[in-house]
Amino acid sequence: MEKSLVLIKPDAVEKNLIGKIINKYEENGLKVVALKMETISKEFACRHYEEHIGKSFFEPLIIFITKGPLCALILEGKNAIEKIREINGSTNPEEAKEGTIRKLYATNNRENCVHASDSIESAKREIKLWFGDSNL
């Protein structure tokens, strides 16, 4: 079974969408195997988004992701990474397919409710960062 990290971002937490978002994943055959809620530091956010350092959107992204509590979870299932990304929809909610999390709940490209690992390598790195080696 494949695993992936998902973040329910501060905008979704503020809108009380945690349960609705997790339900979308569970309805699609994914299982929550780890879950925690916290407000992360700027330093931790920079480690999580290290591949974006130097890009024009990096600083605003760090400010956004650290502005309040978020929910980090590990989802497991067959082809989990691809399935989660389909459920989430396009980063831009205007381009997202009907019924996806971002089409339903996102405000814009940054305030788009969720983050998900984009590859097996990213999932391993992100799960280790957020939950340690024992959840790989």
Side-chain angles (χ1 to χ4, degrees):
M1 286 291 160
E2 197 170 81
K3 292 181 181 178
S4 181
L5 178 85
V6 169
L7 300 179
I8 300 175
K9 296 179 180 180
D11 58 320
V13 173
E14 287 173 7
K15 296 176 190 175
N16 294 317
L17 297 172
I18 296 170
K20 288 180 180 180
I21 290 172
I22 291 174
N23 188 55
K24 292 283 273 181
Y25 298 128
E26 290 179 330
E27 285 177 341
N28 283 278
L30 295 161
K31 181 178 180 177
V32 177
V33 295
L35 175 85
K36 66 180 175 177
M37 189 170 179
E38 65 181 291
T39 301
I40 60 171
S41 68
K42 180 179 179 181
E43 294 74 26
F44 189 88
C46 288
R47 287 192 0 238
H48 175 77
Y49 286 115
E50 67 187 12
E51 72 273 13
H52 298 306
I53 292 173
K55 295 179 182 172
S56 62
F57 60 85
F58 182 74
E59 282 302 319
L61 174 62
I62 298 304
I63 291 167
F64 165 70
I65 203 70
T66 59
K67 76 177 188 169
L70 56 73
C71 187
L73 54 152
I74 300 172
L75 294 176
E76 182 179 75
K78 186 175 181 184
N79 300 315
I81 293 168
E82 181 181 340
K83 189 179 284 190
I84 292 164
R85 295 182 69 76
E86 287 175 16
I87 294 165
N88 287 352
S90 174
T91 304
N92 181 345
E94 292 179 17
E95 297 172 4
K97 291 181 182 176
E98 289 298 324
T100 62
I101 291 169
R102 290 177 174 147
K103 186 68 169 186
L104 291 167
Y105 307 122
T107 304
N108 55 48
N109 283 3
R110 183 171 303 114
E111 296 185 22
N112 61 16
C113 297
V114 288
H115 161 86
S117 304
D118 63 2
S119 67
I120 291 172
E121 295 76 25
S122 292
K124 287 179 181 177
R125 182 185 75 79
E126 292 175 353
I127 289 169
K128 183 176 181 178
L129 178 65
W130 285 85
F131 290 93
D133 288 323
S134 64
N135 285 288
L136 296 173

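For the single chain, residues carry numbers from 1 onward in sequence order. If you're wondering where the values come from, they're calculated on a predicted model, not measured in any experiment.
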Check your understanding: Between Lys67 and Glu14, is a side chain to side chain contact (heavy atoms under 4.5 Å, CB included) present by the stated rule, with each step listed?
Key -> CA-CA 10 Å; Lys67 76 177 188 169; Glu14 287 173 7; 3.3 Å; yes

Practice item. Evaluate side chain to side chain contact (heavy atoms under 4.5 Å, CB included) for Val6 paired with Ile21, printing each intermediate quantity in order. Key: CA-CA 10 Å; Val6 169; Ile21 290 172; 5.6 Å; no

**Study point:** Working for side chain to side chain contact (heavy atoms under 4.5 Å, CB included), residues Lys55 and Tyr49
**Key:** CA-CA 11 Å; Lys55 295 179 182 172; Tyr49 286 115; over 6 Å; no

Review point. Under the side chain to side chain contact (heavy atoms under 4.5 Å, CB included) criterion, do Asn28 and Glu86 qualify, and how do the steps go?
Key: CA-CA 10 Å; Asn28 283 278; Glu86 287 175 16; over 6 Å; no

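In the hydrophobic clustering of ILVMFWY residues, with side-chain heavy atoms under 4.5 Å counting as a link, Val33 and Leu73 come out apart. By the criterion of side-chain heavy atoms lying less than 4.5 angstrom apart, applied directly or through intervening Ile, Leu, Val, Met, Phe, Trp or Tyr residues, Leu75 is not grouped with Leu129; the two fall into different hydrophobic clusters. In the hydrophobic clustering of ILVMFWY residues, with side-chain heavy atoms under 4.5 Å counting as a link, Ile63 and Ile40 come out apart. One hydrophobic cluster, built from ILVMFWY side chains closer than 4.5 Å, cannot hold both Leu35 and Ile74; they sit in different ones. By the rule that hydrophobic residues join a cluster once side-chain heavy atoms approach within less than 4.5 Å of another member, Leu5 and Tyr25 end up as members of separate clusters.
Once rounded to the nearest 0.5 Å, the distance linking CD of Glu126 with CG of Leu7 reads 7.0 Å. Between atom CG of residue Asn92 and atom CG of residue Asn109 there is a gap of 4.5 Å, rounded to the nearest 0.5 Å. Atom CD of residue Glu111 and atom CZ of residue Phe64 lie 5.0 Å apart, to the nearest 0.5 angstrom. The distance from the OG1 atom of Thr91 to the CG atom of Asn112 is 6.0 Å, given to the nearest 0.5 Å. Ile120 contributes atom CD1, which lies 11.0 Å from atom CD of Glu82 (distance to the nearest 0.5 angstrom). If you take CD1 on Ile101 and CD1 on Ile8, they are separated by 7.5 Å, rounding to the nearest 0.5 Å.
Considering every non-hydrogen atom in both Pro10 and Leu70, the closest pair reads CD-CB, 4.0 Å. Considering all non-hydrogen atoms of both residues, Ala116 and Asn88 come closest at CB-ND2, 3.4 Å. For the pair Ser4 and Ile84, the tightest heavy-atom approach, listed with the atom from each and the gap, is CB-CD1, 3.5 Å. Closest approach of Val32 and Glu26 over heavy atoms only: CG2-OE2, 4.0 Å. When all heavy atoms of Ser117 and Ile81 are compared, the pair lying nearest together is O-CG2, 3.5 Å. In this structure, Cys71 and Val13 approach most closely via the heavy-atom pair N-CG2, 4.2 Å.
Comment: Glu2 does not engage Lys83 in a salt bridge, judged by the lack of any side-chain N to carboxylate O separation of less than 4.0 angstrom. By the 4.0 Å N-to-carboxylate-O rule, Arg125 lies close enough to Glu51 to be salt-bridged with it.
The neighbour count for Lys103 NZ, taken as heavy atoms of other residues, nucleotides or ligands under 6.0 Å away, is above 12. Residue Lys78 qualifies as open at atom NZ: its count of foreign heavy atoms under 6.0 Å is 12 or below. Within 6.0 Å of atom CD in Glu94, 12 or fewer heavy atoms from other residues, nucleotides or ligands are found, so the atom counts as exposed in its surroundings. Atom NZ of Lys97 sits in a sparse spot, with 12 or fewer heavy atoms from other residues, nucleotides or ligands closer than 6.0 Å.
Relative to the six-membered ring of Phe131, Lys36 meets both conditions, a distance below 6.0 Å and an angle of at most 45° to the axis.
In this structure a side-chain-to-backbone donor-acceptor pair under 3.5 Å is present from Lys15 to Tyr105. In this structure a side-chain-to-backbone donor-acceptor pair under 3.5 Å is present from Arg102 to Val114.
Looking only at side-chain heavy atoms (C-beta outward), His48 and His115 come within less than 4.5 Å of each other.
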